[in-house]
Amino acid sequence: MKLFSAKQLKEADQATEKNEGITSIDLMERAAGQAFEWIDAQLKGQQVPIYIFCGIGNNGGDGLALGRLLLNKKYDVHSFVVNYSENRSKCFLINYDRYKNTSKEWPKLLKSVDDFPDIPANALVVDAIFGIGLNRPLDQWVKQLVIHINQSKTFTIAIDVPSGMFVDSATPDLEAVIEASVTLTFQAPKLPFFLPETARFSNSIQVLNIGLDGNYLAETPTKAKLITKPDVQKMYQPRDKFSHKGTFGHALIVGGSYGKMGAVTLAVKACLRAGAGKTTTYIPESGYTILQTAVPEAMVIAAQESKHLVDFSVSNEYEAIAIGVGLGTDVKTMKGFKKFLETNKTQLVLDADALNLLAQDKELLKLLPKNCVLTPHPGELERLVGKWKNDFDKLKKTVSLSKSIDGVVVIKGAYTITVYHDQYYINSTGNPGMATAGSGDVLTGIITGLIVQGYDVLTAAVFGVYLHGSTGDLAAQQTGYNSLIAGDLIDFLGDGFIHLFRSDNVPQETAGNNRKNSN
Ligand SMILES: NC(=O)C1=CN([C@@H]2O[C@H](COP(=O)(O)OP(=O)(O)OC[C@H]3O[C@@H](n4cnc5c(N)ncnc54)[C@H](OP(=O)(O)O)[C@@H]3O)[C@@H](O)[C@H]2O)[C@H](O)CC1
Ligand SMILES: [K+]
């Protein structure tokens with residue numbers, strides 16, 4: 001699903017008006033009508049005081065039109081105009097008059113802190129102060145209003161965007177943003193809904209289709225995409241009946257150190273479960289028995305060193321090498337890693353300590369082959385690219401890293417973002433139960449397993465991240481969040497694949513139950 005910029009949404013708006021022969025007031029009525037339908041479906045006529053705060057632009061116009069529709073359905077509506085500017089939009093003014101004709105009184109004008117109404121605890125608040133047109137910090141008194149609404153702790157519905165949130169750049173004041181309970185956003189979600197600093201404001205997101213011009217939406221490229229099930233269904237490569245294990249590639253997992261062999265165990269199991277034809281692990285000698293016992297399906301090459309890898313001389317028979325899980329950052333390991341990068345030509349997935357070694361000597365980044373995949377969590381990313389000022393700056397720095405290595409960078413988080421050059425792929429699956437030791441090792445294994453099967457690195461990263469998350473969602477149905485452990489992600493990966501092509505209407509209690517039944 002594409003995430004459009006504010007400018008693109010305004011262009012889509014104009015294309016719709018031109019191609020459908022409608023005006024912007026018609027489109028506003030459509031948008032307000034959709035918001036009304038949604039709210040009416042939740043309230044079902046229940047009488048709660050509805051407090052609507054409207055700006056003076058088109059977001060405010062939406063709010064007034066919504067207020068009128070709610071009044072027509074006999075809801076208890078209290079409307080306010082937040083008069084932050086005299087520059088009222090045409091559609092706002094039309095709806096201002098229409099509102100008066102319905103309610104017989106004007107909405108109350110707010111011009112300073114003294115005008116703020118008390119908001120009853122049982123009220124439903126509608127925030128239509130600013131939408132995608134916000135382009136500078138809020139005036140002090142408007143910020144105070146936002147704080148006043150947030151402090152009321154009432155159920156708050158944001159129209160299009162929580163007011164105070166910037167859509168295409170960093171939000172300058174995180175105290176001046178409406179904390180919405182639900183965001184009814186038009187046509188497509190907006191990028192900051194998925195970024196760590198701002199995601200909490202939009203909370204539950206409902207996308208309302210207001211029928212913007214289909215051609216414009218289809219043909220306009222966006223920097224950011226939200227990856228959902230239909231996107232990954234297209235990525236899946238079905239298996240040919242006459243395929244054999246050689247068809248699905250050979251992966252090498254390099255890593256492990258004394259006390260951290262579990263990381264390699266998890267990665268190699270996940271790699272196999274993701275569908276790799278063959279896997280080999282290259283580990284310090286002390287891990288030999290552990291690996292052979294824990295994963296009989298994997299081959300093991302034990303290095304001479306007992307506790308840390310020093311010598312990384314591996315053959316070039318693999319389609320991809322994952323390196324870094326449980327590796328450690330011993331000085332000798334660093335030396336061997338550098339030597340390995342100087343000669344290696346195989347596609348790489350770099351995680352954990354491999355990223356820390358790269359961060360220790362950034363010159364090593366120049367030795368990476370084209371098209372490698374880096375999978376940092378925010379701490380590892382910061383060590384690689386330096387401190388960022390905000391989420392947009394983080395994305396910018398990650399884009400530079402991706403371009404400089406000509407590879408893929410996966411920023412792990414609640415919404416994992418895969419960055420390739422200046423494209424962002426935002427993942428929609430996963431849950432807080434996955435914040436557990438070894439979860440990243442499983443992801444590394446999945447991505448590597450997909451690459452060796454022939455998925456290009458970008459697809460492997462985007463698809464792998466989605467599968468990792470959707471598998472976690474299925475696992476959590478059985479384990480709950482607290483008890484989910486990384487091994488569960490491996491056990492449920494098969495369900496994750498099967499679920500890709502299962503209707504989402506499958507009742508919750510049957511989805512993801514396969515493991516229990518087959519055990
Ligand atoms: N295509 C669509 O998606 C549709 C969107 N609709 C709704 O329209 C809004 C966007 O409306 P817009 O009028 O462009 O902008 P806002 O309502 O968000 O803001 C109004 C104006 O306020 C000015 N501004 C910006 N920042 C500040 C500030 N900090 N303080 C004071 N004033 C500010 C700015 O105008 P300037 O000329 O002063 O710069 C804004 O234009 C969208 O979010 C939807 O809700 C349609 O209803 C349907 C189609
Ligand atoms: K709003």
Subject >> Main-chain N/O of Thr156 paired with Ser181 side-chain donor or acceptor, under 3.5 Å >> reply: yes
Would you call His308 and Lys332 a side-chain contact if the rule is heavy atoms closer than 4.5 Å?
no
Worksheet item: Do Asp406 and His421 have side-chain atoms, one donor and one acceptor, less than 3.5 Å apart?
Response: yes
- Task: Could you tell me whether the side chain of Ser402 and the main chain of Thr398 form a donor-acceptor pair under 3.5 Å?
- Result: no
(message) Any non-hydrogen side-chain atom of Phe166 less than 4.5 Å from a side-chain atom of Thr198?
(response) no
Taking the six-membered ring for Trp, are Tyr236 and Phe463 parallel (under 30°), tilted (30 to 60°) or perpendicular (over 60°)? perpendicular
- Query: Donor-acceptor pair, Asn150 side chain versus Glu179 backbone, under 3.5 Å?
  - Reply: yes
- So does Asn482 have more than 12 non-hydrogen atoms from other groups sitting under 6.0 Å from CG? no
### Message
Please evaluate residues Ser163 and Asp127 with respect to the criterion side-chain hydrogen bond (donor to acceptor under 3.5 Å, both in side chains), reporting the C-alpha separation (whole Å), side-chain torsions for both, the decisive distance (0.1 Å), and the verdict.
### Response
CA-CA 7 Å; Ser163 296; Asp127 154 36; 2.4 Å; yes
Checking Thr333, Ile321, Asn344, Leu341 against Phe312 for side chain to side chain contact (heavy atoms under 4.5 Å, CB included), the one that qualifies is Thr333
Requested in this report: Please determine if Asp351 and Lys412 form a salt bridge, counting it only when a charged side-chain N lies under 4.0 Å from a carboxylate O.
Outcome: yes
Could you tell me if Thr154 and Ser152 have a donor-acceptor pair between their side chains, going purely by distance under 3.5 Å?
yes
Per side chain to side chain contact (heavy atoms under 4.5 Å, CB included), Thr418 is matched among Val410, Ile227, Ile447 by Val410
Please determine whether side-chain hydrogen bond (donor to acceptor under 3.5 Å, both in side chains) holds for the pair His250 and Thr280, giving the CA-CA distance in whole Å, both sets of side-chain angles, and the decisive distance to 0.1 Å. CA-CA 8 Å; His250 190 174; Thr280 297; 2.7 Å; yes
Taken to the nearest 0.5 Å, the spacing of Met235 CE from Asp456 CG works out to 9.0 Å
Are any non-hydrogen side-chain atoms of Leu467 and Thr429 less than 4.5 angstrom apart? no
Looking only at heavy atoms, the pair that brings Gly256 and Leu309 closest together is O-CG, 4.5 Å
Do Ser257 and Lys307 have a side chain donor and acceptor closer than 3.5 Å?
no
Practice prompt. Please check if the side chain of Thr416 supplies one atom and the backbone of Gly413 the other of a donor-acceptor pair under 3.5 Å.
Written response: yes
So CG of Leu358 and NZ of Lys366: to nearest 0.5 Å the spacing works out to 13.0 Å
Just checking Glu317: does its CD atom have more than 12 heavy atoms from other residues, nucleotides or ligands closer to it than 6.0 angstrom? yes
Rounding to 0.5 Å, atoms CD1 (Ile411) and OH (Tyr424) come to a distance of 9.0 Å
Here the pair of heavy atoms bringing Leu226 nearest to Pro189 is CD2-CG, 4.4 Å
Short question: side chain of Ser439, backbone of Ala435 - any donor-acceptor pair under 3.5 Å? no
> Under the 6.0 Å and 45° cation-pi test, does Arg273 pair with Phe497?
Replying inline: no
Tightest non-hydrogen contact, residues Leu395 and Val419, listed as CD2-CG2, 4.3 Å
When rounded to the nearest 0.5 Å, the distance separating SG of Cys372 from CD1 of Ile405 is 4.5 Å
Do Val331 and Lys335 make a side-chain contact, defined as non-hydrogen atoms from C-beta onward lying under 4.5 Å apart?
no
More than 12 heavy atoms of other residues, nucleotides or ligands under 6.0 Å from NZ of Lys143: yes or no?
yes
**Residues Asn390 and Asp393: side-chain donor-acceptor under 3.5 angstrom** = no
Here the pair of heavy atoms bringing Ile210 nearest to Gln187 is N-OE1, 3.1 Å
Check: Counting heavy atoms not belonging to Lys2, are there more than 12 under 6.0 Å from its NZ?
Finding: yes
Tyr455 and Gln237: CA distance, side-chain angles, deciding distance, side-chain hydrogen bond (donor to acceptor under 3.5 Å, both in side chains) verdict
CA-CA 8 Å; Tyr455 288 83; Gln237 297 176 5; 4.7 Å; no
ask   = Heavy-atom distance under 4.5 Å between the side chains of Phe130 and Met165, does that happen here?
value = no
Notebook entry, point to check: Between Gln478 (side chain) and Ala475 (backbone), is there a donor-acceptor pair under 3.5 Å?
Noted result: no
Surrounding CD of Glu342 (heavy atoms of other residues, nucleotides or ligands, distance under 6.0 Å), is the total greater than 12? yes
Less than 4.5 Å apart, side chain to side chain, heavy atoms only: is that true for Ile323 and Phe337? yes
Okay, side chain of Asp391, backbone of Pro192: is any donor-acceptor separation there less than 3.5 Å? no
Value for CZ (Phe186) from CD1 (Ile132), rounded to nearest 0.5 Å, stands at 10.0 Å
Discussion item. Using side-chain heavy atoms (C-beta onward) and a distance below 4.5 Å, is Gln453 in contact with Glu319?
Written reply: no
query = Is the number of heavy atoms from other residues, nucleotides or ligands within 6.0 Å of CD (Gln233) greater than 12?
reply = yes
In short, Ser483 meets Asp488 closest at the heavy-atom pair O-OD2, 3.7 Å
### Residue pair Thr471 / Asp491, side-chain heavy-atom distance below 4.5 Å
no
CD1 (Ile290) and CD1 (Ile283) are apart, to the nearest 0.5 Å, by 7.5 Å
